[in-house]
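Remarks on the structure that follows.
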Amino acid sequence: MRRPYKKYIRLFGRMTCLMLLFSVLTAGCGPFQDVVPEEVPNEEENLVVVGFSQLGSESLWRTANSESIQKALTRENGFFLEFSNARQKQENQIKAIRGFISQRVDYIMFSPVTESGWDTVLREAKDAGIPVILVDRKASLEDDSLYTAWVGSDMISEGEKAGIWLEEYLKKEGREEEEINIVVLQGTVGSSAQLERTKGFHNIAREHSNWHILKQEPADFTTAKGKEVMEMFLRNYADIDVVISQNDDMTFGALQAMEEKGITTGVDGDIILISFDAVHDALKLVSQGIINVDIECNPEQGEYILEIIRKLENGESVDKENIVEEKVFTQENVDEYLDTRTY
Ligand code: GYE
């Protein structure tokens, strides 16, 4: 495989050697040894260079996803990972991807903050001969050959699981004929997570003429926005039966807003609360009966990516779509998973 990036690695390698030599010679004579760049790869290591534009650090899920990838693409495993945080801005991701192209990295990975707007930059990557791996969220592209593989969740199915759980729960409670008022805290507008979870839930909701979605409002997957939007829901709607929050961080914010108004949620509460992600702090609330159900979204995608890149390096073919495994957590099954959840 052509590796023009190796030129830079070679240069860095030489610089590192020179700096190391200098620092040895001057050891104890000043602060210079502190600036030796230990991270920079040298030629002998023959590392696979991966540029990764993570979309942000908006949620606990996202932190776990970044950590999983950083843990898999290590030097020991033969990788040099250049990690760039886009702070939830598409323009930052496009800039980072262009930077990776000009550095001639071996692979580009990114988690698209929103679905659309990637055709031009991905065409540039393709023209430069750099394979692109999509992580977590999807991109809607006019030409699917602009990426090599995608690793992530089936988020339509996640939305459907929420709907199916609600259907069964209302039946169990003898409320299946009741008028049910629903509000939805949505994730980042135009992200595949927001679009697909919404679509999946609607696939089930449309079968129930007594379910009324009063309002769906984006809260950007953050706790602060979740609280703000929930406060607005509480001001505008007096009779809410169900809150659906498209991630746990927004759920934490929504819970603060409801607690401040003396409203309870969950198994014995005033409002049914449905959340997504299933991070440890939320699973604790499921166990305590404060969140009724948490639809898991699995952030541990590092190992899948590792395997894909290894196959590509060996000239093997890879599946275009790689879906991670996920569960549904309620008070009935959550305790057996609580202790082992690391994020
Ligand atoms: O649910 C949320 C995060 O794209 C699946 O993004 C991901 C979502 C996840 O910020 O917590």
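Quantities reported herein were computed from a predicted structural model and do not represent experimental measurements. Atoms within each ligand, like the ligands themselves, are counted from 1 in listed order.
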Note the single closest protein heavy atom to [atom], along with its residue, its atom name and the distance in Å.
atom	answer
atom 4 (O) of ligand 1	Arg137 NE, 2.7 Å
atom 10 (O) of ligand 1	Glu58 OE2, 2.4 Å
atom 5 (C) of ligand 1	Asp136 OD1, 3.3 Å
atom 11 (O) of ligand 1	Asp277 OD2, 2.6 Å

**Report entry** Short side-chain to backbone donor-acceptor contact, Thr63 and Ser59, under 3.5 Å
**Finding:**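 Flag set: sc Thr63 to bb Ser59 pair under 3.5 Å.
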
Report task. Could you identify which residues cluster with Ile164, counting Ile, Leu, Val, Met, Phe, Trp and Tyr as linked when any side-chain heavy atoms lie under 4.5 Å apart, either directly or through a chain of such contacts? Result ->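 Ile164 clusters with Trp165, Leu166, Tyr169, Leu170, Ile180, Ile182, Val184, Phe201, Ile204, Trp211, Ile213, Val242, Ile244, Ile272, Ile274, Phe276, Val293, Ile295, Val328.
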
Query raised in the report: Are Phe110 and Trp118 close enough that their ring centers fall under 6.0 Å?
Result: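 Ring-ring flag for Phe110/Trp118: true, centres closer than 6.0 Å.
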
Query raised in the report: How far apart are the closest heavy atoms of Glu167 and His208, and which atoms are they?
Result: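 Closest pair (atom of Glu167, atom of His208, distance): OE2-NE2, 2.6 Å.
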
**Report entry** Part of Arg197 with heavy atoms under 4.0 Å of ligand 1, whether side chain, backbone, both or neither
**Finding:**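 The side chain, only.
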
Atom indices of ligand 1 within 4.0 angstrom of [X] heavy atoms, with elements:
X	result
Cys297	5 (C)
Ser59	2 (C), 3 (C), 10 (O), 11 (O)
Ala193	4 (O)
Asn247	2 (C), 11 (O)

Between [X] and [Y], does any side-chain N to carboxylate O distance fall below 4.0 Å?
X	Y	result
Glu158	Arg197	yes
Glu45	Arg75	yes
Arg62	Asp136	yes

Query - Heteroatom proximity flag, Asp249 to ligand 1, N/O under 3.5 Å - result: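 N/O-N/O distance below 3.5 Å does not exist for this pair.
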
